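This report concerns only the one structure given below.
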Amino acid sequence: MSRTEQLIRQTGVEEKGRGRWLALSVLVLAVLLVAVDATVLGLATPSLSEDLKPSGTQLLWIGDIYSFVIAGLLVSMGSLGDRIGRKKLLLVGATAFGAVSVLNAYAGSPEMMIVARALLGVAGATLMPSTLALIRNIFTDPRERSLAIGIWGATASAGAAVGPVVGGALLQHFWWGSVFLINLPVMIALVLVGTKLLPESKNPVAGPWDLLSVGLSLVGVIGVVYAVKEAATHGMTWEVAVAAVLGAGALYGFVRRQFTLPSPLLDMRLFRHRGFSGAVLADLLTVFGLSGLVFFLSQFLQLVQGRGPLEAGLAELPAAIGAVATGLVAGRYARRYSVRSVVTGGLAAIGAALAVLTVIHKESGYPLLGAALLVVGLGAGFSFTVTADVILSSVPKEQAGSASAVSETAYELGAALGIALLGSIVTGVYQGFTAPASVGGPVADAAHQSLGGAVEAARTLDPDTAAHMVGAAQEAFVDGLRLASGVGAAVLLATAAAAWFLLRGQRLQGGVEH
């Protein structure tokens, strides 16, 4: 080979390498978009509650309807991306996500806010599977792919950090809807840059998109999660039973139909791979243990400890910092030691940190809370990054969209169930507090709906009565938070034990290229 040919080949490789990493920079913008949106909602909840005055049930729906819808559509959207092109789906979804964010910002009632969050879930379902699937196809070298997934996960954690800080700064000066408008510049940059930089990829033999499977998936997931949520909040009723039976029946029909289709939305044979199934289960239960706690943590910082929105956002930074730090090195550690040791260690660390939070009280100092959040972030960075790598490495490139969607479905389903069940624990304990005898009627009812409702209702009372009622409400809220932390800790420690066995022998050696 001549010197000129060597230079031409070397230049081509370098340009291709630069192109991969530039494409990754666009993909992480989409991750940033979703992560920021998820964190700012919790921070905006207190002021949103004061303005829209949702009931306790409506507040939970505002918190989890996004996860319900996105969980029901992720598999369908991941499969759609495999068929029509992941780049195309990502850019269309990002545009819709930005547009619907405006609707969220200007929602004028709890009902409108719930609908807007549901529509945001539809748009959001197109983003995460597309980004991971594109990473799987762009980065064919396993070590590069591990680093790319680490950057992907670290960006999600950075978004979790940026969201509260930027959102807190906005809430100091503007109304709560402004926190949703920060999605717009990110969306615009993603679409403009992604149009030029992202390569298109899809499954060349994917077959038609089965609309009946789409409907069964959506009805099944929403039906089951709704039934779990309502049973946890109000007990078993005939409406809950109908929803559970309908959801379970739809999921059963979905699974049966996938086995009969020549080109299924989701290849159920993927779950025969023990590493794939173990990673999916670990993701689901980890997010379940974390989500309910995270949803109520901003309320604790603001409504119990009296911090401003910006200060509360800064207080949550240690978790994101820890996740960024470990996410970038998780793949390297998993290769040096083992997949199961890194994932199990991460899960156990999160469980231990949640166990520490069972001793918090109204006057708990920040060092305890900050240290616990840091450990949570460190553990999550290790666990989530390695399980995402395992899931993507376990499947052929052509099925990357469907596999990514399974991973994200587990994440969103865990979030929905966590907010529903652990959130219901917090709400159930909270609603048992005793208001002053002189407080009755609509004021007492409003106070028992949510802690934000109690703070708002107290403004109509004399100072002594108001202080007594708010103090009792805060104590009840913290009691519920401690109990939910204990349940979350138990779930995480049990998940760590299960991951140790399910991920036995699992490696990150690159997987098989099909």
Side-chain angles (χ1 to χ4, degrees), residues 35-36 38-47 49 154 157-173 179 289-327 346 348-381 418 422-423 425-426 429-430 450-452 454-455 467 470-489 492:
V36 167
T39 54
V40 296
L41 176 65
L43 198 67
T45 295
S47 52
S49 297
S157 301
V162 169
V165 175
V166 174
L170 289 171
L171 289 169
Q172 293 285 101
H173 303 287
V179 301
L290 284 173
S291 58
L293 175 72
V294 170
F295 182 70
F296 285 98
L297 188 59
S298 291
Q299 295 182 64
F300 171 79
L301 292 169
Q302 294 179 71
L303 299 179
V304 176
Q305 294 202 327
R307 303 176 191 270
L310 179 58
E311 186 182 359
L314 292 170
E316 296 176 19
L317 272 177
I321 293 171
V324 169
T326 53
I350 300 171
L354 294 182
V356 169
L357 293 180
T358 60
V359 302
I360 63 171
H361 49 83
K362 287 175 61 175
E363 291 78 24
S364 290
Y366 181 72
L368 173 67
L369 183 61
L373 287 171
L374 178 62
V375 174
V376 165
L378 292 171
L422 299 185
I425 290 174
V426 176
V429 173
Y430 168 78
S450 67
L451 182 56
V455 172
V470 171
Q474 290 173 335
E475 289 288 354
F477 182 87
V478 174
D479 287 343
L481 195 58
R482 283 198 295 263
L483 181 57
S485 298
V487 173
L492 264 298

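Every value quoted in this text rests on a predicted model; they were computed, and no experiment measured them.
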Next item on the list: Can you run down the salt bridge (Lys or Arg N to Asp or Glu O under 4.0 Å) pairs that involve residues 362-381, sequence neighbours left out, and say none if there aren't any?
Entry: none
Nearest atoms (heavy-atom pairs only) where [X] meets [Y]:
X	Y	value
V429	A476	CG1-O, 3.7 Å
V478	I360	CG1-O, 3.8 Å
A349	G379	CB-CA, 4.3 Å
R307	Y366	NH2-CB, 3.9 Å

Would you say that [X] contacts [Y] through its side chain, given a criterion of any heavy-atom pair below 4.5 Å between the two side chains?
X	Y	result
L369	L301	yes
L303	F477	no
L368	V359	yes

Next item on the list: Ignoring hydrogens and angles, tell me if any N or O in the side chain of R482 forms a donor-acceptor pair with the backbone of L357 under 3.5 Å.
Entry: no
Next item on the list: Using atom types as modelled and distance alone, determine if a side-chain donor or acceptor of Y430 lies under 3.5 Å from a backbone N or O of G480.
Entry: no
Check: Can you name the residues that form a side chain to side chain contact (heavy atoms under 4.5 Å, CB included) with A355, not counting sequence neighbours?
Finding: A489
I need the [X] [atom1] to [Y] [atom2] distance, nearest 0.5 Å.
X	Y	atom1	atom2	result
L354	L492	CG	CG	5.5 Å
Q305	Q474	CD	CD	9.5 Å
I425	D479	CD1	CG	13.0 Å

Only distances under 3.5 Å count here; give the side-chain donor-acceptor pairs of residues 318-326 to other protein atoms, sequence neighbours excluded, each with its distance to 0.1 Å.
unit_1, atom_1, unit_2, atom_2, d
T326, OG1, G322, O, 3.0
T326, OG1, L378, O, 3.0

